[in-house]
Amino acid sequence: MDFKSILTGWYKQNRRDLPWRSTSNPYYIWVSEVILQQTRVAQGLAYYQRFTNTFPTIYDLANAHEDTVLKVWQGLGYYTRARNLHNAAKLIVNQHNGKIPPEYSELIKIKGIGDYSAGAIASFAFKKAVPAIDGNVYRIIARIFGVFSLPTSAQGKKDFHQIVMDLMDKEAPDTFNQALLDFGALQCVPKSPKCGDCPFQDYCYAYRNNMIDSLPVKGKKLIPRDRYFTYLLIQFGYNTFISKRKSKDIWHSLYEFPLIETEKALSPNLLHKHKALKEWVGTKGYTIIYISDMVKHLLSHQTLHTRFVIIRIDSISKKLSQECTMVPTSEVSHYSTPKLIDNFLAAEPAAKYFLSPQDFH
DNA sequence: AAAGCGGGGCA
DNA sequence: TGCCCAGCTTT
């Protein structure tokens with residue numbers, strides 16, 4: 001039996017029933033593909049439901065405010081995905097009559113749709129015979145056919161693309177591509193793949209040569225950089241201060257509290273003397289209510305060490321009025337915030353000293 | 001070609 | 001703790 005027959009046979013028995021597979025609406029398929037970029041199905045599922053319920057059509061998404069889109073995306077990470085999706089929806093509504101282009105060559109031009117997603121949308125929604133090569137496919141192809149090219153290199157991408165194109169079931173490219181994804185996610189998994197009952201066992205290069213753990217070839221890993229944050233949760237009556245992140249840095253367009261970033265960890269002792277603290281709270285008088293322990297938050301490329309400080313003030317500093325928005329403390333949760341902040345707001349100290357009504361006398 | 005960009009789950 | 005997930009964009 002040839003490759004696609006074996007794969008299709010496996011797929012009939014093992015396919016996952018996923019909501020974006022029971023629709024032919026290109027908008028829903030597009031949304032699912034963007035949500036699932038670098039994101040597990042298990043994690044993306046609830047976001048897909050929430051996103052499509054909140055924005056049932058591309059017009060609803062196009063007409064929404066960016067903050068609303070980001071709030072729905074909150075906690076999922078890689079927030080540029082949400083902003084690109086939103087901007088692309090506006091562009092498609094305004095310039096393409098709301099119709100998502102069916103060709104790979106047009107899809108790839110849309111910001112936020114790369115090689116994989118263009119192939120996935122073209123094949124799943126429009127039955128085009130183009131590959132949709134993601135991490136699953138690199139792994140499967142590298143192992144079964146003994147491909148040692150580095151998937152992240154330009155040459156590697158060509159090699160894998162050519163192989164998948166040759167294997168492709170041109171009569172049913174959607175099923176073929178989906179089968180590859182499921183096979184990679186369920187059977188040919190990264191660690192301890194289920195070779196024991198694998199239908200490709202007989203001619204899998206990696207299995208026959210005992211090289212399961214060395215294929216696919218991996219690039220070098222990057223070392224996360226340490227950063228030290230001190231967030232100031234400043235209370236003025238029943239209000240607090242937030243600002244929107246705008247620099248080319250993590251969490252672009254999300255909201256946060258006044259931030260002091262330092263080269264090294266800022267101890268409570270040093271915080272009291274720190275110039276930036278005075279600038280934020282002013283000179284008129286302030287009371288530090290609470291200083292948290294250091295919280296470690298891991299990103300793929302940075303390790304954040306963060307202290308949360310709850311402060312009460314009697315007057316608003318120039319810096320606060322210039323750089324922040326004052327909002328009722330009870331409404332902070334309406335804004336899209338990084339998981340790091342979200343976590344602290346959900347924890348006991350914030351509930352006790354920050355979010356709950358205080359007696360100011 | 002390499003770096004930047006989140007967060008979570010699992011061995 | 002390290003790896004990797006339905007990757008893409010910018011440098």
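Letters go in sequence order (proteins before strands), and every chain restarts at 1.
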**Q.** Nearest-angstrom distance from the residue atom CG of A:Asp213 to P of B:dA11
**A.** 15 Å

Q: Say whether A:Asp342 and A:Gln74, considering side chains only, have a donor N or O and an acceptor N or O under 3.5 Å apart.
A: yes

**Q.** Donor on one side chain, acceptor on other, A:Tyr104 and A:Asp115, under 3.5 Å
**A.** yes

**Q.** Euclidean distance, atom CD1 of residue A:Ile250 to atom C1' of B:dA3 [Å, nearest integer]
**A.** 15 Å

Q. Hey, can you pull the residues of residues 25-51 of chain A with a non-hydrogen atom under 4.0 angstrom from DNA chain B?
A. A:Gln38, A:Thr39, A:Arg40, A:Gln43

Q) Hey, are the side chains of A:Tyr203 and A:Ile144 touching, using non-hydrogen atoms and a 4.5 Å cut-off? A) yes

Q | Where chain A begins and ends its contact with DNA chain C, read 5' to 3' at 4.0 Å from heavy atoms | A | C:dG2 to C:dT11

(Q) Say we look at B:dG6 and C:dT11: how far apart would their P atoms be, to the nearest angstrom? (A) 15 Å

Q. Do the side-chain N and O atoms of A:Asn239 and A:Gln235 include a donor-acceptor pair separated by under 3.5 angstrom?
A. no

Q.
Rounding to an integer number of Å, can you tell me how far A:Asp249 CG sits from B:dG4 C1'?
A. 10 Å

Q: May I ask you to decide if the ring planes of A:Tyr353 and A:Tyr290 are parallel, tilted or perpendicular, using 30° and 60° as cut-offs?
A: parallel

Q: Taking atom C1' in both C:dA6 and B:dA3, compute the distance separating them and give it to the nearest angstrom.
A: 23 Å

Q: Please state how far atom NZ in A:Lys220 lies from atom C1' in B:dA1, giving the value in whole angstrom units.
A: 9 Å

Q. Roughly how many Å is it from CG in A:Asn343 to P in B:dG6, rounded to a whole number?
A. 15 Å

Q. Should the ring pair A:Trp73 and A:Phe51 be called parallel, tilted or perpendicular, given that the plane angle runs from 0 to 90° and is split at 30 and 60?
A. perpendicular

Q.
Please determine whether a side-chain nitrogen of the Lys or Arg among A:Arg21 and A:Asp17 lies less than 4.0 Å from a carboxylate oxygen of the Asp or Glu.
A. no

Q) Looking across every strand, which nucleic acid part, if any, lies under 4.0 Å from A:Leu18 by heavy atom: base, sugar-phosphate, or nothing? A) base

(Q) Nearest whole Å is fine: how far is B:dG4 P from A:Leu299 CG? (A) 12 Å

Q) Which part of the nucleic acid, if any, lies within contact of A:Trp20, taking any heavy atom under 4.0 Å across all strands shown: a base, the sugar-phosphate backbone alone, or nothing? A) base

Q | Residue met sooner reading DNA chain C from 5', once A:Ile110 and A:Leu181 are mapped to nucleotides | A | A:Leu181

Q: Establish, yes or no, whether the cationic atom of A:Arg50 lies under 6.0 Å from the six-membered ring centre of A:Tyr47 and within 45° of the ring axis.
A: yes

Q.
Please determine whether a side-chain nitrogen or oxygen atom of A:His301 lies at a distance below 4.0 Å from atom OP1 or OP2 of B:dC5.
A. yes

Q. Have A:Gln187 and A:Asp197 got a donor and an acceptor in their side chains that come within less than 3.5 Å?
A. yes

Q: Would you indicate what A:Thr80 reaches in the nucleic acid, counting non-hydrogen atoms under 4.0 angstrom: base, sugar-phosphate, or nothing?
A: nothing

Q: Check DNA chain C against residues 223-231 of chain A and give the residues with a non-hydrogen atom under 4.0 Å, in numerical order.
A: none

Q: Decide whether A:Thr175 and A:Arg15 meet the rule of one side-chain donor and one side-chain acceptor closer than 3.5 Å.
A: no

Q.
Here's a test of your reading of the structure: between A:His297 and A:Leu150, which maps to the more 5' nucleotide of DNA chain B?
A. A:Leu150

Q: Respond yes when some side-chain nitrogen or oxygen of A:Trp251 is under 4.0 Å from OP1 or OP2 of B:dG7, and no when none is.
A: yes

(Q) Between B:dG9 and C:dC8, how far apart are the two P atoms, rounded to whole Å? (A) 23 Å

Q.
Considering every strand and a 4.0 Å limit on heavy-atom distances, what is the contact class for A:Thr152: base, sugar-phosphate, or nothing?
A. nothing

Q: Measure up the A:Tyr335 and A:Tyr255 rings against each other and bin them: parallel (under 30°), tilted (30 to 60°), perpendicular (over 60°).
A: perpendicular

(Q) At 4.0 Å (heavy atoms only), tell me whether A:Gln178 reaches a base, stays on the sugar-phosphate, or touches nothing. (A) nothing

Q | Single hit among A:Glu323, A:Lys318, A:His274, A:Lys319 for side chain to side chain contact (heavy atoms under 4.5 Å, CB included) with A:Glu279 | A | A:Lys319

Q: For A:Lys191, answer base if it contacts any base atom (sugar-phosphate contacts may also be present), sugar-phosphate if it contacts only those atoms, and nothing otherwise; contact means non-hydrogen atoms under 4.0 Å.
A: base

Q. What integer distance in Å separates A:Lys248:NZ from B:dA3:P?
A. 17 Å

(Q) Mind checking if A:Asp115 touches a base, just sugar-phosphate, or nothing, with heavy atoms under 4.0 Å? (A) sugar-phosphate

Q. Just by distance, with hydrogens left out, do A:Asn136 and A:Arg139 show a side-chain donor and acceptor under 3.5 Å apart?
A. yes

Q.
Using whole Å, what does the distance between atom C1' of nucleotide B:dC5 and atom NE2 of A:His252 come to?
A. 12 Å

Q.
For a quick check of understanding: with a heavy-atom distance under 4.0 Å over all strands, which category does A:Arg83 fall into, base, sugar-phosphate or nothing?
A. nothing

